Amino acid sequence: MSDHQLKNPTALEIHAVDVDAQTDDLSPSEPKAKISASEAKDWALLADPTIHNVRLEAIRQKRGYIIDMDGVIYHGANLLPGSKELVEFLEKNNKKYLFLTNNSAPTPRELQQKLERLGISITEDHFFTAGQATALFLSSQSPQGGTCYVIGEPGLAYALYEKGFFMNDHNPDYVVLGEGPAYNYEKLTKAIQLIQNGAKLIATNLDIEGLDSKGNKIPSCGAFTAAVELVTRTKAFFCGKPSALIMRYAQRVLGLSRLETCIIGDRMDTDIVAGISSEIDPVLVLSGVTQMEDLASFAYRPYLILSGVYEIPDVLQWKAASDVDVEETTT
């Protein structure tokens, strides 16, 4: 086994280790744990040599990639294995790609700068946030602009300003809930009172939880939105994944059809269902929120399951190495 394989084992190798670990302690007379037919189909997307490899190759042949960030490319300030190689794969093969995040807190420039600090250098037009999607939606509803009471970070406020929306905490057209540590009892109470007075409730996304830099769960926009909905007895309109709205915006940026595109994410309840509802092949990576044992809770499944994004560029690297060998032998 090569050093690369030792550092980044494939899904098949990880599954083989897991199976060995589960069965080594069983005596021949003890029955091995059985899984349902549905669970077997889930595992096949991760570990069946034929299904996994055929579908992985189909994903490599796509022209466009919509890629989630947190839990896929990084956790907090930590780059995940294979992220840099994935971008190199996309660039070298002239793929179109867009990093699509439900996090409304940063601007595209801030995301670009963050990836650059982590060792990935790309232009800011490769990023699109739920904050931008929210601003585009409100602009379509109120082309002349309007007023908002916002709980969130500067990235969301900046996106709204760009589309002609200004901050107002007295009689706004909209209450817009985003991401970040700005939430407190006073602000939530204010939001509730404004909605009761006629403001419309908008949420950048309905993610209940996210992950911090250590992989621990933290409350996200959807958790706070649920509290406001419960008290006001209203339902928020949300613009981020799994809404088909943000997927249409992303496709518009890429300029590709749904058949030419895939979405890569770490959450069944946002990334994967967004792909399914948009008829874009969804790829689940197990480096973030959703794990294999969670799949039984969902009535749908992804097109492919990967241990991490490092699986996507692997074949390209081996092919490139082989091509070099061929060139050396023919000269």
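None of these values were measured; they are calculated from a predicted model. Computation of the quantities below employed the complete heavy-atom set of this structure, encompassing side-chain atoms and omitting hydrogens, waters and symmetry-equivalent molecules.
A donor atom on one side chain and an acceptor atom on the other are found under 3.5 Å apart for Glu260 and Ser257. Counting only N and O atoms by type, the side chains of Arg301 and Ser38 include a donor and acceptor under 3.5 Å apart. There is a side-chain donor-acceptor pair under 3.5 Å between His52 and Glu311. For the 3.5 Å distance criterion, the side chains of Asp125 and Thr123 qualify, holding a donor opposite an acceptor. Side-chain N/O atoms of Glu153 and Ser104 include no donor and acceptor closer than 3.5 Å.
Across all their heavy atoms, Ser287 and Gly71 have their closest contact at OG-O, 2.7 Å. Contact detail for Ile280 and Thr261: the closest heavy-atom pair is CG2-O, 3.3 Å. Smallest separation of non-hydrogen atoms from Asp42 and Ala296: OD2-N, 4.5 Å.
Between Arg55 and Asp281 there is no salt bridge, since no side-chain N of the basic residue sits under 4.0 Å from a carboxylate O of the acidic one. Between Arg267 and Glu209 there is a salt bridge, with a side-chain nitrogen of the basic residue lying less than 4.0 Å from a carboxylate oxygen of the acidic one.
A search for salt bridge (Lys or Arg N to Asp or Glu O under 4.0 Å) contacts involving Glu91 returns nothing, not counting sequence neighbours. Tyr65 is linked by a side chain to side chain donor-acceptor pair (under 3.5 Å) to nothing, counting only residues two or more places apart in sequence or in another chain. Contacts of Gln251 classified as side chain to side chain donor-acceptor pair (under 3.5 Å), with partners at least two apart in sequence or in another chain: none.
For the atom pair Lys163 NZ and Gln132 CD, the distance stands at 9.0 Å (nearest 0.5 Å). Rounded to the nearest 0.5 Å, atoms CZ (Arg258) and CD1 (Ile66) are 13.0 Å apart.
Around CD of Glu186, the count of heavy atoms belonging to other residues, nucleotides or ligands within 6.0 Å does not exceed 12. More than 12 heavy atoms of other residues, nucleotides or ligands shown are found within 6.0 angstrom of NZ on Lys62. Heavy atoms of other residues, nucleotides or ligands lying less than 6.0 angstrom from NZ of Lys114 number more than 12. For Tyr158, the OH atom sits in a loose shell: 12 or fewer heavy atoms of surrounding residues, nucleotides or ligands are nearer than 6.0 Å.
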Query - Residues Tyr249, Phe137; criterion ring-ring contact (aromatic ring centres under 6.0 Å, His included); working and verdict - result: CA-CA 10 Å; Tyr249 291 153; Phe137 166 71; 8.6 Å; no

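Under the 4.5 Å side-chain criterion, counting only non-hydrogen atoms from C-beta, Leu138 is in contact with Phe165. Within the 4.5 Å cutoff, the side chain of Tyr149 has no heavy atoms near those of the Tyr174 side chain.
Residue Leu100 is grouped with residue Leu245 when hydrophobic side chains (ILVMFWY) are merged at heavy-atom distances under 4.5 angstrom, including chains of intermediate members.
A donor-acceptor pair is defined here as one N or O able to donate and one able to accept, closer than 3.5 Å; such a pair exists between the side chain of Asp271 and the backbone of Asp266.
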